[in-house]
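Read the structure below first, then the notes.
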Number of protein chains: 2
Amino acid sequence: MAMPETTTEVPQDFEALKAAILERKAELPKRLRQVAAYSLDNPDEIAFGTAASIATSAEVQPSTLVRFAQHFGFEGFSSLQQIFRARLRERTPGYEDRLKALSANDHSKLESGSIFNGFVAAAHRSLDNIASSVDPEAFERAVDILAKADTIYLIAKRRSYPISSYMAYAFGKLKVRYQLVGTAAGIDDDMLAMATKNDAAFAVSFSPYASESAAQARLLAERKVPVVSLTDSAFSPLAESSKVWFELVEADHAGFRSLSASMAFAMALTVAIAEKRQRLAEGDQAERNG
Amino acid sequence: MAMPETTTEVPQDFEALKAAILERKAELPKRLRQVAAYSLDNPDEIAFGTAASIATSAEVQPSTLVRFAQHFGFEGFSSLQQIFRARLRERTPGYEDRLKALSANDHSKLESGSIFNGFVAAAHRSLDNIASSVDPEAFERAVDILAKADTIYLIAKRRSYPISSYMAYAFGKLKVRYQLVGTAAGIDDDMLAMATKNDAAFAVSFSPYASESAAQARLLAERKVPVVSLTDSAFSPLAESSKVWFELVEADHAGFRSLSASMAFAMALTVAIAEKRQRLAEGDQAERNG
DNA sequence: AACGGCATAGAACAGGCATTCCATTTTTCT
DNA sequence: AGAAAAATGGAATGCCTGTTCTATGCCGTT
């Protein structure tokens with residue numbers, strides 16, 4: 001007999017399938033592993049797509065999908081797809097059900113759970129807060145200033161530094177020229193000395209304010225470099241040096257503030273700038289051609 | 001022309017379709033009303049079934065389904081089906097709408113406003129997602145491992161770097177000994193060479209994975225240094241080197257992901273670790289005194 | 001009671017689907 | 001280094017799909 005007496009059971013639900021895939025992923029050949037990764041990362045695509053469309057999206061041949069399904073004991077791709085569909089069927093979507101799901105994972109029963117819940121809740125509150133406190137016109141102006149800048153100087157220290165370092169990463173990907181200010185103390189001022197009024201700066205500082213950041217912002221403002229800033233109080237020393245500034249108070253949990261809302265804000269600003277830049281560039285090009 | 005000048009708009013989402021069906025239900029002919037009732041009672045069937053299977057189930061002819069779809073302005077049954085599928089695709093229908101409803105500040109009027117709204121909504125979704133996908137027991141174990149560590153090594157590159165830099169800031173304030181790995185390339189490995197099994201590491205890596213991070217995590221795992229990791233796929237190379245790992249998929253807006261949920265997670269972990277350390281330290285002290 | 005118009009059923013059709021098969025490449029073992 | 005085995009890509013295939021079309025049934029109107 002070629003067949004082993006007891007074959008591994010064919011997974012009957014998504015969880016079992018996921019477990020099976022993770023267990024066997026190491027021993028899978030290249031393309032099948034590719035499908036394995038895709039299927040766990042894009043389960044919805046598998047549920048709704050056709051074999052052809054999924055194959056294209058996962059950069060595989062349709063036949064590979066069939067083989068993949070058969071490797072896990074299914075008759076063909078279609079029967080594997082049923083698992084992915086059932087997953088969506090069972091999950092009752094909607095707001096109320098999501099809350100139930102949240103309490104099903106009741107973190108608060110365990111010691112650290114309430115901390116986790118607390119920070120998630122605080123982040124939600126922070127997001128609600130910026131949605132209503134950020135003035136859309138101010139946002140538009142900020143985007144405008146920064147999109148027109150030659151080089152964007154990112155000023156942030158300590159608690160704000162993760163925000164600017166993320167923006168730096170994103171700007172790099174988006175091909176927007178920037179300078180990250182806030183690393184080695186000595187170099188910073190030399191860097192800023194090169195800024196002209198064709199550049200712009202984005203400064204972030206939360207209480208307790210790093211005096212350096214405020215000083216650097218003031219320095220730039222004096223030299224007519226437009227400054228946009230993000231801070232947590234109207235009394236922030238940054239405000240007076242800034243053409244546009246945003247007040248963003250992160251909700252706290254037990255006195256600790258995360259940066260969830262600031263991150264969302266930073267990302268929105270970054271992408272909005274990049275998008276506007278592209279539009280400006282296209283306009284220039286059209287002008288030159290016309 | 002027989003066509004009326006302004007036809008009723010074709011419903012673009014499930015809510016609109018539902019409203020349209022309910023509104024016109026009374027004036028529909030018998031079989032079409034039958035389909036209307038069936039479609040609202042068994043939306044999942046419509047989403048996944050074929051025209052033939054649905055027709056059988058609803059005791060109608062397939063052609064009736066097509067006519068039904070056309071009555072509501074769709075080109076055919078297939079395009080109507082898309083609405084039912086989209087309903088299941090969007091995990092959280094509602095945040096966008098909630099934000100629109102919150103339109104004391106109507107961001108969507110201005111160009112960049114929709115970008116802003118989009119990122120806030122995506123952040124909300126991400127937070128819902130971690131709340132239900134992070135296993136509280138795993139979280140507890142992670143806290144345990146990291147709280148007992150002598151020094152916590154923070155491994156993160158590129159897009160993940162802001163997370164670890166924030167944790168570094170917080171650990172500094174909380175007097176938790178740490179080493180931030182991921183700055184100058186040469187030094188990193190020397191740093192890691194000093195790690196012992198009394199230490200622990202927290203690694204963060206999102207797709208596309210920085211191969212360095214995975215290699216460093218593996219190195220540590222081989223030397224019995226316990227590793228906790230945060231990643232966005234079960235296929236992350238980090239997973240296999242880790243004692244505990246978390247899968248956290250940030251929702252995206254227009255293809256860009258922010259770090260809002262990761263930040264909330266990181267902060268929760270950081271504070272939970274610090275808190276547990278304090279308790280452990282108090283226990284030690286009590287032991288010595290008693 | 002007979003007509004006219006619309007809704008319906010069911011067959012026919014073309015296109016797209018999942019699947020299979022085989023030639024080729026890649027990997028593994030000798 | 002060579003041979004055997006496994007994995008892969010890509011075209012061929014037959015089935016099943018959504019849609020269209022036409023004959024029939026139904027109902028309200030005159």
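Keep in mind that what you see is a predicted model, and the values were worked out from it rather than measured. Each chain gets a letter, A, B and so on, in the order the sequences are listed, and its residues count up from 1.
The phosphate of D/dG10 has OP1 or OP2 within less than 4.0 Å of a side-chain N or O from A/Gln61. Under 4.0 angstrom from either OP1 or OP2 of C/dT8 there lies at least one side-chain N or O belonging to B/Arg67.
If you check every strand for non-hydrogen atoms under 4.0 Å, A/Pro29 touches sugar and phosphate atoms only. Within the 4.0 angstrom heavy-atom criterion, only backbone atoms of the sugar-phosphate kind lie near A/Gln70; the bases stay farther away.
If you check D/dT20, C/dA9, D/dG10 against the side chain of A/Ser63, the one that comes closest is D/dG10. Of the candidates C/dT19, D/dG18, D/dT8, C/dT19 carries the atom nearest the A/Pro62 side chain, counting heavy atoms from C-beta on. Minimum atom distance to the side chain of B/Leu32 is reached by C/dT8, of the listed C/dT8, C/dA18, D/dT19.
If you take CZ of A/Arg33 and C1' of D/dA6, they are 14 Å apart, rounded to a whole angstrom.
Under the side chain to side chain donor-acceptor pair (under 3.5 Å) criterion, no residue pair touches residues 64-81 of chain A, with sequence neighbours excluded.
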Distances under 3.5 Å only, N/O to N/O: pair up the protein atoms with those of nucleotides 3-5 of chain D.
none

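Residues B/Val134 and A/Val120 form no side-chain contact, since every pair of their non-hydrogen atoms from C-beta on lies 4.5 Å or further apart.
In the interface, the side chain of A/Thr50 is not paired with the base of C/dG16 through any donor and acceptor atom under 3.5 Å apart.
For B/Phe265 and B/Phe246, the gap between ring centers is short of 6.0 Å.
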